[in-house]
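As structure tokens, the structure follows; a few thoughts come after it.
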Protein chains: 2
Amino acid sequence: MSKPAEVTLTDLVGQDCCAPINAGRMPAPAAVALAPAFKALGDPVRLQLMSMIASADGGEICVCDLTPAFELSGPTISHHLRTLREAGLVSAERRGSWVYYQADPLVLRLLGGLLGTPVAVAG
Amino acid sequence: MSKPAEVTLTDLVGQDCCAPINAGRMPAPAAVALAPAFKALGDPVRLQLMSMIASADGGEICVCDLTPAFELSGPTISHHLRTLREAGLVSAERRGSWVYYQADPLVLRLLGGLLGTPVAVAG
DNA sequence: TGTCAACCTCGACACATGTCGAAACCAGCT
DNA sequence: AGCTGGTTTCGACATGTGTCGAGGTTGACA
């Protein structure tokens with residue numbers, strides 16, 4: 001066990017949340033776990049994909065509705081969706097011929113709570 | 001004016017906030033403006049730098065306190081700080097021999113509110 | 001005014017990322 | 001069983017990113 005401090009996003013979600021970003025230095029393991037999620041949101045296409053998935057009616061949306069919404073090739077959209085999936089932000093489910101994507105609201109809330117800085121300035 | 005739809009982070013902060021990510025497809029200009037901020041947070045070192053700056057006593061912290069906190073060269077830390085600066089997340093101020101960095105709480109709150117989904121489910 | 005320290009910029013390199021076309025895979029239909 | 005349409009994976013290429021060492025700029029201090 002050379003890397004006992006490894007932490008996953010799911011671990012952090014399980015703890016309900018970690019400390020907000022203005023509550024002291026973030027531990028390196030948490031930073032390593034969280035950075036990929038923010039990085040995944042660091043692209044305009046993925047940000048729009050994420051918003052479409054997160055706001056989808058019924059909590060899920062078909063890839064066949066996502067792909068034509070951009071002027072990008074199918075493989076490129078698939079690549080971005082994979083990035084979101086590997087970052088733990090969305091999950092995919094195949095049903096019949098189509099694949100449906102759903103957002104993970106807990107992870108989104110985790111990230112949001114991290115930045116939220118709920119008026120902490122104690123003004 | 002070939003690109004009339006260009007939007008800056010400051011514009012978005014000025015509007016107090018844009019719609020949360022689960023409230024419909026994010027407009028492309030907003031996505032283009034927001035993505036660099038998330039991308040800047042998409043690195044473990046910058047996430048830790050950000051947390052140290054945002055939680056600094058007095059709202060600011062000296063570079064001379066940041067650099068020795070990582071096993072990275074000075075130029076590398078400077079590069080990451082520049083990335084955070086260009087993303088609009090922090091600002092720098094020179095005072096005497098040292099440079100002090102401060103976080104922009106409004107931008108952090110904007111990003112957080114975007115993801116925060118503040119219990120909107122009304123459960 | 002000269003010297004020193006802190007910080008940034010520049011140039012360079014290895015590696016990761018965004019994008020595409022071609023091909024493989026998977027489920028449904030005839 | 002074979003064909004068809006939808007989605008992902010593979011291979012390739014141009015571009016962007018993280019890191020460093022060397023050098024420049026700024027301000028303090030003797």
Reckon [X] touches a base, only the sugar-phosphate, or nothing at all at heavy-atom distances under 4.0 Å?
X      : answer
B/R94  : base
A/Y101 : sugar-phosphate
A/R95  : nothing

Can you tell me which nucleotide in [options] comes closest to the side chain of [X]?
X     : options              : answer
B/W98 : C/dT17, D/dT8, C/dC7 : C/dC7
B/K39 : C/dT9, D/dT8, D/dG16 : D/dG16
A/D43 : D/dT9, C/dG18, D/dT7 : C/dG18

Q.
So which atom in B/G24 and which in A/S55 form the shortest heavy-atom distance, rounded to 0.1 Å?
A. N-CB, 3.0 Å

Nearest-angstrom distance from the residue atom [atom1] of [X] to [atom2] of [N]:
X      : N      : atom1 : atom2 : result
B/Y100 : D/dG27 : OH    : P     : 14 Å
A/L41  : C/dG18 : CG    : P     : 12 Å
B/L47  : D/dG18 : CG    : P     : 13 Å
A/R46  : C/dG18 : CZ    : C1'   : 9 Å
A/E86  : D/dT8  : CD    : C1'   : 12 Å
A/L49  : D/dT7  : CG    : P     : 13 Å
A/R82  : C/dT19 : CZ    : P     : 15 Å

Could you check if a side-chain atom of [X] sits within less than 4.5 angstrom of a side-chain atom of [Y], using non-hydrogen atoms only?
X     : Y      : value
A/L34 : A/L110 : yes
A/F38 : B/M50  : no
A/V7  : A/V32  : no
A/T76 : A/V45  : no
B/I53 : B/L66  : yes

Q. Hey, is the side chain of B/H80 poking within less than 4.0 Å of OP1 or OP2 on D/dT17, counting only N and O atoms?
A.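 It does not, given that no N or O in the side chain of B/H80 lies less than 4.0 Å from OP1 or OP2 of D/dT17.
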
Q.
If you compare every side-chain N and O of B/S97 against the phosphate oxygens of D/dG27 (OP1, OP2), does one of them come in below 4.0 Å?
A.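 Checking B/S97 against D/dG27: no side-chain N or O falls below 4.0 Å of OP1 or OP2.
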
(Q) Test: salt bridge (Lys or Arg N to Asp or Glu O under 4.0 Å). Region: residues 74-90 of chain A. Which pairs qualify, not counting sequence neighbours? (A)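 Listed by first then second residue: A/R82-A/E86.
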
Which pairs, protein N/O on one side and nucleotides 11-13 of chain C N/O on the other, fall under 3.5 Å?
none

Q: Rounded to 10°, tell me the angle between the two end axes of the helix from C/dT1-D/dA30 to C/dT30-D/dA1, each built from five pairs.
A: 20°

Q) Looking at B/F70, is A/R25 sitting on its ring face, NZ or CZ under 6.0 Å from the six-membered ring centre and within 45 degrees of the normal? A) yes

Atom pairs, N/O to N/O, protein against nucleotides 20-24 of chain C, distance under 3.5 Å?
| residue | atom | partner | partner atom | Å |
| --- | --- | --- | --- | --- |
| C/dC20 | OP2 | A/S73 | N | 3.1 |
| C/dC20 | OP2 | A/S73 | OG | 3.1 |
| C/dC20 | OP2 | A/T76 | OG1 | 2.5 |

Q: Could you walk me through whether A/R46 and A/L89 pass side-chain contact (heavy atoms from CB on, under 4.5 Å), step by step?
A: CA-CA 11 Å; A/R46 287 196 293 268; A/L89 292 167; over 6 Å; no

(Q) Using only atom types and a distance under 3.5 Å, with no angle test, would you say the side chain of B/T67 pairs donor to acceptor with the backbone of B/V63? (A)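 Between the backbone of B/V63 and the side chain of B/T67 there is a qualifying donor-acceptor contact (under 3.5 Å).
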
Q: Under the salt bridge (charged side-chain N to carboxylate O under 4.0 Å, His left out) rule, collect the residues that match up with B/E93, sequence neighbours excluded.
A: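 For B/E93, the residues satisfying salt bridge (charged side-chain N to carboxylate O under 4.0 Å, His left out) (neighbours in sequence not counted) are B/R95.
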
Every protein N/O within reach of nucleotides 11-13 of chain D N/O, cut-off under 3.5 Å:
none

